[in-house]
Undergrad: 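One structure, as structure tokens, below. Some questions next.
Any value given below was found using the heavy atoms of this structure, including those in side chains, with hydrogens, waters and symmetry copies removed. The chains referred to below are lettered A, B, ... by the order of the sequence lines, with proteins before strands, and numbering in each begins at 1.
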There are 2 protein chains.
Amino acid sequence: MEPNISFISSLIGDPTRSRMLTALMGGKALTATELALEAQVTAQTASSHLAKLVDGQLLIVRKQGRHKYFQLHRQDIAQLIEQLLNVTSSRNHPKTVTGPADPRLRNARVCYDHLAGKFSVALYDALTLNGHIADKGCETIITNQGRSFFSTLGVDFEAFSRNKRPLCKSCLDWSERRNHLAGSLGHWILEDLLAKKWATRDLDSRAISFTKRGKISFTKMYDIEDLPKTETSR
Amino acid sequence: MEPNISFISSLIGDPTRSRMLTALMGGKALTATELALEAQVTAQTASSHLAKLVDGQLLIVRKQGRHKYFQLHRQDIAQLIEQLLNVTSSRNHPKTVTGPADPRLRNARVCYDHLAGKFSVALYDALTLNGHIADKGCETIITNQGRSFFSTLGVDFEAFSRNKRPLCKSCLDWSERRNHLAGSLGHWILEDLLAKKWATRDLDSRAISFTKRGKISFTKMYDIEDLPKTETSR
DNA sequence: TCATTGCTTCGATGCGCACCGAACTATAGA
DNA sequence: TCTATAGTTCGGTGCGCATCGAAGCAATGA
């Protein structure tokens with residue numbers, strides 16, 4: 001028998017649940033109340049939705065004291081949501097597309113566990129331009145030069161290769177409709193950014209805010225030429 | 001604003017509509033009545049569903065005489081469905097997974113526009129083994145050797161490169177849970193098979209039936225060692 | 001121990017929508 | 001012209017489910 005697509009799709013198909021799922025695309029685990037707020041429903045309603053999402057294995061839950069932390073179940077779920085975002089955004093009516101997007105989200109945001117948005121696309125372009133990665137159209141690979149470049153930055157490729165996750169992977173950006181870097185290398189870059197305090201993760205959203213100094217350092221480190229201006233206005 | 005995932009998902013989320021969509025994964029355009037049969041609903045019900053799918057831009061429709069032919073809208077929709085199939089099948093209860101699958105579908109079937117199933121996985125393995133393609137874990141690329149190999153078979157890489165579609169791409173097989181070849185090269189292989197009359201497309205399903213001679217030629221052409229036995233029993 | 005906060009269960013309400021019967025339009029062929 | 005087939009529109013039915021109020025557990029902290 002062919003697997004039954006409709007079950008998972010109908011889980012995502014409810015507006016409230018899909019709001020929860022996109023909120024969780026930030027990669028951070030969120031509590032039930034946070035998700036209720038995000039989805040704009042009462043705690044009771046949220047509870048029943050979350051139970052369904054866990055039951056359908058879209059989310060995993062971890063209990064910590066009197067809190068319950070929810071996360072996307074696995075990488076492939078995040079990929080599915082991302083693909084849905086892509087398909088949807090390219091299909092939107094022209095009117096709504098240009099709608100009032102949060103400028104911070106456009107600049108830099110988290111896409112599950114790696115960077116997305118204008119900054120991320122600029123990074124991808126710079127890495128390509130400098131020959132660190134190669135965009136083969138159908139795939140993105142890391143070059144030998146890129147391998148040594150990232151090694152000096154402290155990337156442990158040995159550890160990555162033990163991991164079954166793809167090292168580098170292109171991921172279509174739904175706001176920019178251009179490629180950006182995903183995979184474990186994309187993950188490393190984001191973690192590195194945050195560890196270096198060049199940028200901070202917003203508490204209330206998927207947005208990533210660069211500090212002034214961080215922006216400069218980031219630009220220098222990856223040799224990015226045309227980093228777009230940060231629109232700091234809310 | 002983030003695009004609204006739930007709209008598309010809820011379209012796919014209805015069991016009847018999802019049956020129609022999976023039926024269309026065969027790549028062939030189907031008429032409204034065929035889809036009604038496939039989804040096991042009356043013509044009226046099918047009509048309303050199909051209108052919604054077209055309206056939601058999941059399908060395109062072509063009118064021909066008194067027939068209406070429906071097809072998946074674009075490649076990305078097919079990819080989305082495929083990803084859903086993957087996620088769903090890996091999540092199925094062990095009981096239902098081993099359920100009575102149509103053996104013909106397991107052997108060889110169409111995945112939108114390329115080959116899938118056991119045969120396809122065997123092909124992928126053989127191509128890898130012979131160094132025609134290289135599975136880099138995170139991506140699949142065609143080697144120089146593979147390029148010349150396929151050139152002698154009549155592949156016009158020039159024409160492909162003008163196309164924006166990826167040349168070769170791995171696609172996870174939901175029945176085998178292994179990679180098989182997608183992309184325009186995967187498409188070419190399927191078309192070539194059918195053109196050579198080594199295999200025929202079933203009229204009523206996504207299944208692909210190899211002729212005895214075709215199976216031998218296919219095995220020889222791509223140097224496949226361990227092609228699984230064809231289970232001809234229905 | 002009691003109060004507070006986080007989350008769940010139960011029950012009731014009401015909307016949305018999948019479904020079909022019946023009647024209608026449109027195309028093809030004779 | 002008439003007949004058969006393909007597809008649509010309309011109206012009515014009924015189920016499913018998202019929603020919330022109220023009450024109930026559970027864990028923390030004082």
Undergrad: So, does B:Arg74 use its side chain to make a donor-acceptor pair with the main chain of B:Gln57 at under 3.5 Å?
TA: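 No, B:Arg74 side chain to B:Gln57 backbone: no donor-acceptor pair under 3.5 Å.
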Undergrad: Give a yes or no answer on whether the side chain of B:Thr31 reaches the backbone of B:His67 with a donor-acceptor pair at less than 3.5 Å.
TA: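 Side chain of B:Thr31 to backbone of B:His67, a donor-acceptor pair under 3.5 Å: no, none is there.
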Undergrad: Side-chain contact, heavy-atom cut-off 4.5 Å: B:Ile81 with A:Ile5?
TA: yes
Undergrad: Are any side-chain N or O atoms of B:Thr211 and backbone N or O atoms of B:Trp198, one a donor and one an acceptor, separated by less than 3.5 Å?
TA: yes
Undergrad: Below 4.5 Å, heavy atoms only, C-beta onward: do B:Ile12 and A:Ile8 meet side chain to side chain?
TA: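 In short, these two side chains do not touch, never coming nearer than 4.5 Å.
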Undergrad: Would you give a per-nucleotide map of nucleotides 7-18 of chain C, 5' to 3', where B means the base has a protein non-hydrogen atom under 4.0 Å away, S means only the sugar-phosphate does, and - means neither?
TA: SBB--------S
Undergrad: Answer yes or no: is there a donor N or O on one side and an acceptor on the other, between the side chain of A:Arg19 and the main chain of B:Ser6, under 3.5 Å?
TA: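 A pair under 3.5 Å: no.
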Undergrad: With rounding to the nearest 0.5 Å, note down the distance linking CG in A:Leu21 to CG in A:Leu53.
TA: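 If I round to the nearest 0.5 Å, the distance is 5.5 Å.
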Undergrad: When you list every nucleotide of DNA chain D with an atom under 4.0 Å from a heavy atom of chain A, which one comes first 5' to 3', and which comes last?
TA: D:dA18 to D:dT28
